[in-house]
**Student:** 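Shown below is the structure under consideration.
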Protein chains: 2
Amino acid sequence: MPKLDESLLTGLPPFSLLERTQIREILGLATPRRFDEGTAIFSEGFAADHFFLLLDGYLRVVRTTPGGDQIIVLHISPGQLFGIAPALQRDTYPATAIAAAESIALSWPARLWPEFTAKYQGFASESFKTVGQRLGQIQDTLTEMATQAVEKRVAAAVLRMVNQSGRKTDQGIEIAFPITRQNISDMTGTTLHTVSRLLSAWEKDGIVRSTRKHIVVTDPHRLVLISDAQG
Amino acid sequence: MPKLDESLLTGLPPFSLLERTQIREILGLATPRRFDEGTAIFSEGFAADHFFLLLDGYLRVVRTTPGGDQIIVLHISPGQLFGIAPALQRDTYPATAIAAAESIALSWPARLWPEFTAKYQGFASESFKTVGQRLGQIQDTLTEMATQAVEKRVAAAVLRMVNQSGRKTDQGIEIAFPITRQNISDMTGTTLHTVSRLLSAWEKDGIVRSTRKHIVVTDPHRLVLISDAQG
DNA sequence: CGCACTCTTGAGCTTTCTCAAACCTCGTGG
DNA sequence: CCACGAGGTTTGAGAAAGCTCAAGAGTGCG
């Protein structure tokens with residue numbers, strides 16, 4: 001097991017109010033683990049026996065319908081807590097978490113949750129803040145799905161990923177994890193064909209540039225216009 | 001101000017573990033209020049200075065897009081906490097709550113939230129359970145919206161309302177609050193025209209029976225078949 | 001008794017999906 | 001080091017679901 005440095009947690013919201021010694025304590029209880037791209041960290045419906053913190057990489061949070069359709073509910077970026085079903089008194093995970101890229105996460109047994117919230121100043125409130133933000137995010141997505149045409153939904157989905165994980169390159173802003181047309185269609189409730197056509201059109205217009213599993217937004221402003229345009 | 005009877009809260013999940021005296025204490029701090037059909041209890045984006053419990057009636061939780069489209073995120077039934085933004089460290093409400101029928105609610109100032117969770121055994125955990133359930137519910141709706149055809153979404157929406165508020169009549173099970181075609185289209189991301197056509201067709205098939213703002217499901221089983229059918 | 005709101009229904013049109021086929025890219029194993 | 005195969009992407013053509021536009025009829029409140 002690799003040695004865990006306390007700097008890993010310092011400054012992250014749920015731990016920002018804590019003393020060094022407390023952070024060391026928390027790290028001592030954590031189990032770090034690496035996940036290959038495509039691996040499930042936990043699965044929908046399974047016993048929620050751990051909660052997690054993503055140290056590095058990106059995750060997709062996914063739900064699958066009885067009919068076999070898949071939808072990506074949200075993405076998790078480094079520094080975020082996830083799998084916090086224990087916080088909501090759930091005994092099973094409500095969705096599946098899959099590594100979108102090679103990822104490293106810390107995990108703690110669910111039984112430590114009440115202890116953490118009782119013992120560590122600010123841990124509970126920051127965690128619930130995360131829940132609140134995520135709830136808001138899902139509501140936004142729902143609203144968008146219910147009211148916007150496909151092109152806007154796809155533009156908004158791409159922008160969300162860019163905002164959450166974008167890194168600057170000389171070409172523009174690049175989504176930091178592998179992403180397929182199929183993935184985007186799972187985020188927006190459309191088909192990979194439609195996404196492919198849209199990206200092709202945008203590429204022709206100089207708004208994006210993409211290769212296999214890889215998207216660079218060269219003109220974010222135009223993409224914002226597409227996602228915001230009313231009608 | 002009407003006298004509040006402690007039996008109002010006894011047995012409701014967030015209060016079920018409490019002593020009589022505690023319940024009396026909590027009631028003493030509450031402000032009861034009546035809302036006419038169509039009135040907003042609170043509005044999206046406004047300061048989240050209170051949290052609430054619905055005693056009687058039904059609420060719609062609604063979001064409005066910049067483009068003016070409206071979507072109904074969920075309904076609240078009697079006995080449920082709502083407007084619990086304070087629990088999630090939010091300082092504004094993420095959605096608008098509107099009385100779907102004449103309703104009565106208790107409200108408490110948001111600053112009492114930390115006090116309640118600290119002081120009353122089980123209040124925090126039950127409240128977070130509610131949050132978790134609501135999160136799951138919204139995720140279900142999102143998944144449905146992203147993957148199912150309009151007819152199934154409408155069938156599912158009607159069934160959800162029936163399950164949450166249905167009361168038996170000699171004709172079948174009746175949705176207990178006024179509901180228009182437009183309302184249903186706002187729940188399912190379609191148009192009132194399409195909803196009207198679907199209800200007409202179902203009525204012809206003997207599955208539902210409806211008058212102005214009023215729906216009775218005469219054959220719930222067939223409706224379940226429609227909402228579940230795969231394809 | 002009239003006006004505002006709700007509901008119904010038809011016709012035509014758009015958007016998006018489905019089906020189909022081909023091409024590209026990259027990793028793997030011979 | 002090349003060939004192969006799996007997975008990812010592109011594009012066209014046709015079909016279909018559901019939307020828009022339009023008009024009219026029913027319902028109930030003030």
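Naming convention: chains lettered A, B, ... in sequence-line order (proteins, then strands); numbering from 1 in each chain.
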**Student:** Is there a donor-acceptor pair under 3.5 Å between the side chain of A/Ser196 and the backbone N or O of A/Thr194?
**Tutor:** no
**Student:** Is there a donor-acceptor pair closer than 3.5 Å between any side-chain N or O of B/Gln80 and the backbone N or O of B/Ser77?
**Tutor:** yes
**Student:** Please check if the side chain of A/Thr147 supplies one atom and the backbone of A/Thr143 the other of a donor-acceptor pair under 3.5 Å.
**Tutor:** yes
**Student:** Under a 3.5 Å cutoff, is there a donor and acceptor pairing between the side chains of B/Gln70 and B/Arg63?
**Tutor:** no
**Student:** State whether the side chain of B/Thr218 and the backbone N or O of B/Ile207 hold a donor-acceptor pair below 3.5 Å, judged by distance alone.
**Tutor:** yes
**Student:** Please list, by residue number, the residues of residues 195-205 of chain B whose heavy atoms come closer than 4.0 Å to an atom of DNA chain D; answer none if no residue qualifies.
**Tutor:** B/Arg197
**Student:** Taking the side chain from A/Ser165 and the backbone from A/Val162, do they hold a donor-acceptor pair closer than 3.5 Å?
**Tutor:** no
**Student:** Which pairs, with at least one residue in residues 197-206 of chain B and sequence neighbours excluded, count as a side chain to side chain donor-acceptor pair (under 3.5 Å)?
**Tutor:** B/Glu151-B/Trp202
**Student:** Go nucleotide by nucleotide along DNA chain C from the 5' end; which of A/Arg153 and A/Arg212 gets its closest nucleotide reached first?
**Tutor:** A/Arg153
**Student:** Which of residues 177-191 of chain B sit near DNA chain C, with a heavy atom under 4.0 Å from it?
**Tutor:** B/Thr180, B/Arg181
**Student:** Identify the two heavy atoms, one from B/Phe82 and one from B/Ala105, that lie closest to each other, and give their separation to 0.1 Å.
**Tutor:** CZ-CB, 4.0 Å
**Student:** Are B/Glu144 and B/Arg153 close enough, and set up right, to give a salt bridge (Lys or Arg N to Asp or Glu O under 4.0 Å), and what steps lead you there?
**Tutor:** CA-CA 7 Å; B/Glu144 188 183 292; B/Arg153 302 208 299 266; 5.8 Å; no
**Student:** Is there a donor-acceptor pair under 3.5 Å between the side chain of B/Lys152 and the backbone N or O of B/Asp228?
**Tutor:** no
**Student:** Determine whether the side chains of A/Thr39 and A/Asp36 contain a donor N or O and an acceptor N or O closer than 3.5 Å.
**Tutor:** no
**Student:** So, the side chain of A/Asn183 versus the backbone of A/Thr180: is there a donor-acceptor pair under 3.5 Å, distance only?
**Tutor:** yes
**Student:** Tell me the bend of the helix from C/dC1-D/dG30 to C/dG30-D/dC1 as the angle between end helix axes, each from five pairs, rounded to the nearest 10 degrees.
**Tutor:** 40°
**Student:** Give me the first and last nucleotide of DNA chain C, going 5' to 3', that has any atom under 4.0 Å from a heavy atom of chain A.
**Tutor:** C/dT16 to C/dC26
**Student:** Can you confirm whether A/Arg209 is buried at CZ, in the sense that more than 12 heavy atoms of other residues, nucleotides or ligands lie under 6.0 Å from that atom?
**Tutor:** no
**Student:** For a 4.0 angstrom threshold against heavy atoms of chain A, report the outermost contacting nucleotides of DNA chain D in 5' to 3' order.
**Tutor:** D/dG7 to D/dA13
**Student:** State which residue, out of A/Phe42, A/Phe51, A/Phe46, fulfils the ring pair (Phe, Tyr, Trp, His ring centres under 6.0 Å) condition with A/Tyr93.
**Tutor:** A/Phe42
**Student:** Test your reading of the model: is there a side-chain donor-acceptor pair from A/Thr188 to the backbone of A/Ile184, 3.5 Å cut-off?
**Tutor:** yes
